[in-house]
Amino acid sequence: MTKLGRSFYCQKTNVVAQALLGKILVRKTEKGTLKGRIVEVESYLGKKDQAAHVRSGRTKRTQVLFQKAGLVYLYLCYGLYWQFNIKTTKEKPECVLIRAIEPLQGIKLMKKNRLRESTLTADSLSKHNLTNGPGKWCQSFKINKDLYGCDLVNSDKIWIEDQPSLLDSEIQKASRVGIDYAGDWASKKLRFYIKSNNFVSTA
DNA sequence: CTGATGATGTTCT
DNA sequence: GAACATCATCAGA
């Protein structure tokens, strides 16, 4: 299966967001390889988007969004959880947030990683609870500050493999989560997920 | 099952 | 000092 190249990420943000659904995210660690299917994403559309971090201009945190498409934009949310985004388009500071993933390979290792970083016990940790949220799957996939600004096109630690596109009828559009402060932008349909998939964070 | 609440630290005002 | 692209836990129905 081929790795997605630069031109894929250079497309318009909403195009990349929907095209990412169904693709395979691959993460290599010293302990083994993890794979998962992307099932839920959100678009963040630059300065005009009242929910995007770049609404207040270029800062230390958002500098990677002013660089190449295909780079990883990571940041710590509520002091506790990492959020994984991909820079899109050639020129604009826009990105796609990966919100949820369906575990495919390395499930044992995902459990180990997530147990270490959360307060959960092995008893209360089901396969379902490994990756069905942006903070959760980052724990399972061992995503942390080391990957800030990482290039998905060249890296041997993390990349995305191509898969056949989904039909329009398989993609559900919805408003984004956790951004009630964003005025008119809070209700825009910029969240996309695979219909009737068990691993989306909220339907 | 539902809804409310606290944890926690980086960033921006 | 306030705000914040979340999650686990607890109380109540």
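Numbers restart at 1 for each chain; the letters A, B, ... are given by sequence-line order, proteins then strands.
For the side-chain contact (heavy atoms from CB on, under 4.5 Å) with A:K136, the qualifying choice from A:N129, A:T131, A:L120 is A:N129, the only one to do so. Test A:V64, A:V72, A:I143 against A:Y148 for side-chain contact (heavy atoms from CB on, under 4.5 Å) and you get one pass: A:V64.
The side chain of A:K60 places no N or O atom within less than 4.0 Å of a non-bridging phosphate oxygen (OP1 or OP2) of B:dC12. Taking 4.0 angstrom as the limit, A:Y75 places a side-chain polar atom (N or O) nearer than this to OP1 or OP2 of C:dA5. Within the structure, every side-chain polar atom (N or O) of A:S56 is placed at least 4.0 Å from both OP1 and OP2 of B:dC12. Close to C:dA8, at under 4.0 Å from its OP1 or OP2, lies a side-chain N or O of A:R114.
Using a 4.0 Å heavy-atom cutoff across all strands shown, A:R191 reaches no nucleic acid atom at all. Counting non-hydrogen atoms under 4.0 angstrom, A:S201 reaches nothing in the nucleic acid. Across all strands, A:R176 comes closer than 4.0 Å to no nucleic acid atom at all (heavy-atom distances). Nucleic acid contact for A:I179: sugar-phosphate only, since backbone atoms but no base atoms lie under 4.0 Å from a heavy atom of the residue.
By the 4.0 Å N-to-carboxylate-O rule, A:D49 lies too far from A:K92 to be salt-bridged with it. Ion pairing of A:D162 with A:K23 is present here, as a side-chain N (NZ or NE/NH1/NH2) and a carboxylate O approach within less than 4.0 Å. The pair A:D151-A:R6 meets the salt-bridge criterion, with a side-chain N (NZ, NE, NH1 or NH2) lying under 4.0 Å from an Asp/Glu carboxylate O.
Take the nearest nucleotide of DNA chain C for A:F84 and for A:Q139: the residue whose nucleotide is more 5' is A:F84. Along DNA chain B, the nucleotide closest to A:T62 and the one closest to A:Y81 are compared, and the more 5′ of them pairs with A:Y81.
Atom CG in A:N132 sits about 12 Å away from atom C1' in C:dT6, given to the nearest Å. A:L120 places its CG atom 11 Å from the P atom of C:dC7, with the value rounded to the nearest Å. The nearest whole Å value for the distance from the CG atom in A:L74 to the C1' atom in B:dT10 is 14 Å. Atoms NE2 (A:H53) and P (B:dT13) sit 12 Å apart, rounded to a whole Å. At whole-Å resolution of the value, OH in A:Y181 and P in C:dC4 are 6 Å apart. To the nearest angstrom, C1' of B:dG9 lies 14 Å from CD of A:Q83. For the pair A:Y78 OH and C:dA3 C1', the interatomic distance rounds to 9 Å; values are reported in whole Å. Put simply, CG on A:L80 is 10 Å from C1' on B:dG6, counting in whole angstrom units.
Heavy atoms of other residues, nucleotides or ligands lying less than 6.0 angstrom from CG of A:N154 number more than 12.
Look at B:dT8: it lacks any Watson-Crick or wobble partner with both distances under 3.5 angstrom. Summarising the base pairing, C:dA5 is matched to no nucleotide, lacking a Watson-Crick or G-U wobble pair whose two defining distances lie under 3.5 Å.
Distances from the side chain of A:T119 to the nucleotides C:dT6, B:dC12, C:dT9 place C:dT9 closest.
A:Y44 qualifies as a stacking partner of the C:dA5 base, centre to centre under 5.5 Å and near-parallel within 30°.
To the nearest whole angstrom, the two P atoms, one in B:dG3 and one in C:dA5, are 22 Å apart.
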